[in-house]
Engineer: 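Structure below; questions to follow.
In what follows, chains carry the letters A, B, and so on, assigned in the order in which the sequence lines appear, proteins first and then strands, with residues in each chain numbered from 1.
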Protein chains: 2
Amino acid sequence: MFSKTSYLCNMEIIDINKALANQTRLNILKWLKDPEANFKPHEDLGHFNDGVCVFHITERAGLSQSTISTYLIQMQKASLIIPTRHGKWTYYKRNEAVISEYIRALNNQL
Amino acid sequence: MFSKTSYLCNMEIIDINKALANQTRLNILKWLKDPEANFKPHEDLGHFNDGVCVFHITERAGLSQSTISTYLIQMQKASLIIPTRHGKWTYYKRNEAVISEYIRALNNQL
DNA sequence: AGAACATATCTACATATCTAGATTTAAGGA
DNA sequence: TCCTTAAATCTAGATATGTAGATATGTTCT
């Protein structure tokens, strides 16, 4: 049988390190840890269950919409965040399982 | 008073993430964890107290001497490794204090 | 001093990343 | 259906990274 924990392979760790090798992307991951503290409440949804929408992240980061969209997709490909579509908004939330597995992997391997 | 532990600032974490966003550099850091297992003994010195010389790391990595030298200097600038000159050889060993501080910082901040 | 060797630096080129404006796609509302 | 808005994709130029060959520097040996 397989263990319950998911192990990250080398390549995935490299992709995560690349994603976190940029101040804005690192900030985004930290901001998403506490959406209430870092973003204004989203009027149409009223909660942060699925994270924060691209528009608000763009606003907070101060870079262009296309740049932030590109960053978020890169972070999503590295499995750091999870997108959820609500109507015309895309919400991104942290993938806590992968983030803690990543830290555990560094602890063991580094 | 200041705490005894040294804290890594944001910029240093980014530099470490950049250094670790490459398979060869990540490998080098892991290899240096156990020089006996990963490198042949150095004839002229007979121990690994100061790590492993560039020549042996180059040999193990299979990239050019100039590439590995460049990588090692980048890792040193990110404080991940410490160079020691013995005659014509430069030995590099892990900077364990920074590495564990880095992991601790990720644990706290990520 | 001169030869030989280990490492660092310089130069160069290919590829990747950063970033934004323009365009396209998808969804909602008039 | 048409207009508006949010987000993704396309295009492009500036900058950074990956990587190696050539050269310079520092050290040891003869």
Engineer: If you compare all heavy atoms of A:Asn17 against all heavy atoms of A:Tyr102, which two are closest, and at what distance to 0.1 Å?
Structural biologist: OD1-OH, 2.6 Å
Engineer: How long is the line joining CG of B:Leu72 and C1' of D:dA20, in whole Å?
Structural biologist: 16 Å
Engineer: Side chain of B:Phe55 only, heavy atoms from C-beta on: which candidate in C:dT17, C:dT7, C:dC18 is closest?
Structural biologist: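 Looking only at side-chain atoms, B:Phe55 lies closest to C:dT7.
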Engineer: Where along residues 59-68 of chain A does a heavy atom fall under 4.0 Å from DNA chain D?
Structural biologist: A:Gln65, A:Ser66
Engineer: Do A:Ile81 and A:Phe39 sit in one hydrophobic cluster, given that two such residues count as connected whenever their side-chain heavy atoms are within less than 4.5 Å of each other, even indirectly?
Structural biologist: yes
Engineer: Of all the nucleotides listed (D:dT17, C:dT7, C:dC18), which has the minimum atom distance to the side chain of B:Cys53?
Structural biologist: C:dT7
Engineer: Rounded to the nearest Å, what distance is computed from the CD1 atom of residue A:Ile28 to the C1' atom of nucleotide D:dA7?
Structural biologist: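 From A:Ile28 CD1 to D:dA7 C1': 14 Å.
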Engineer: Identify the heavy atoms of A:Thr24 and A:Ala61 that sit nearest to each other, and give their distance.
Structural biologist: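 Nearest pair, atom of A:Thr24 first, then A:Ala61: CG2-CB, 4.1 Å.
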Engineer: To the nearest 0.5 Å, tell me how far A:Ile16 CD1 sits from A:Met75 CE.
Structural biologist: 10.5 Å
Engineer: For the residue pair A:Gln23 and B:Asn10, what are the closest heavy atoms and their distance?
Structural biologist: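 So the minimum-distance heavy-atom pair works out to NE2-ND2, 3.4 Å.
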Engineer: Counting any heavy atom closer than 4.0 Å, what does A:Ile73 reach on the DNA or RNA strands: base, sugar-phosphate only, or nothing?
Structural biologist: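 Since only primed, P, OP1 and OP2 atoms lie under 4.0 Å of A:Ile73, the category is sugar-phosphate.
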Engineer: Without decimals, in angstroms, what is the distance between A:Leu20 CG and C:dC18 P?
Structural biologist: 12 Å
Engineer: Under 4.5 Å between side-chain heavy atoms, hopping through other hydrophobics if needed: is there a path connecting B:Leu32 to A:Ile14?
Structural biologist: yes
Engineer: In whole Å, I'd like the distance from the NZ atom of B:Lys18 to the C1' atom of D:dA16.
Structural biologist: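 Value for this atom pair: 8 Å.
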Engineer: What pair of heavy atoms forms the shortest contact from A:Ile103 to B:Leu106, and how long is it?
Structural biologist: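 Reported closest heavy-atom pair: CD1-O, 3.7 Å.
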Engineer: What's the CE-C1' distance between A:Met75 and D:dA8, to the nearest Å?
Structural biologist: 17 Å
Engineer: Taking atom P of C:dA16 as reference, at what distance in whole Å does atom CD1 of A:Ile14 sit?
Structural biologist: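 Roughly 15 Å, once rounded to whole Å.
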Engineer: Tell me whether B:Ser69 contacts the main-chain N or O of B:Gln65 through its side chain, where contact means a donor paired with an acceptor under 3.5 Å.
Structural biologist: no
Engineer: Mind calculating the distance between CD (B:Gln74) and P (D:dT17) to the nearest angstrom?
Structural biologist: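 Spelled out: CD on B:Gln74 to P on D:dT17 is 7 Å.
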Engineer: Please give, in whole Å, the distance from C:dA16 C1' to A:Asn17 CG?
Structural biologist: 17 Å
Engineer: Report yes if a side-chain nitrogen or oxygen of A:Asn22 is closer than 4.0 Å to either non-bridging phosphate oxygen (OP1 or OP2) of C:dT17; otherwise report no.
Structural biologist: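 So the side chain of A:Asn22 is outside the cut-off, no N or O lying under 4.0 Å from OP1 or OP2 of C:dT17.
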Engineer: Give the residues of residues 79-93 of chain B touching DNA chain C, defined as any heavy atom closer than 4.0 Å, sorted by residue number.
Structural biologist: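 Of all residues in residues 79-93 of chain B, the ones placing a heavy atom under 4.0 Å from DNA chain C are B:Lys88, B:Trp89, B:Thr90, B:Tyr92.
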Engineer: Are any side-chain N or O atoms of A:Glu12 and backbone N or O atoms of A:Cys9, one a donor and one an acceptor, separated by less than 3.5 Å?
Structural biologist: yes
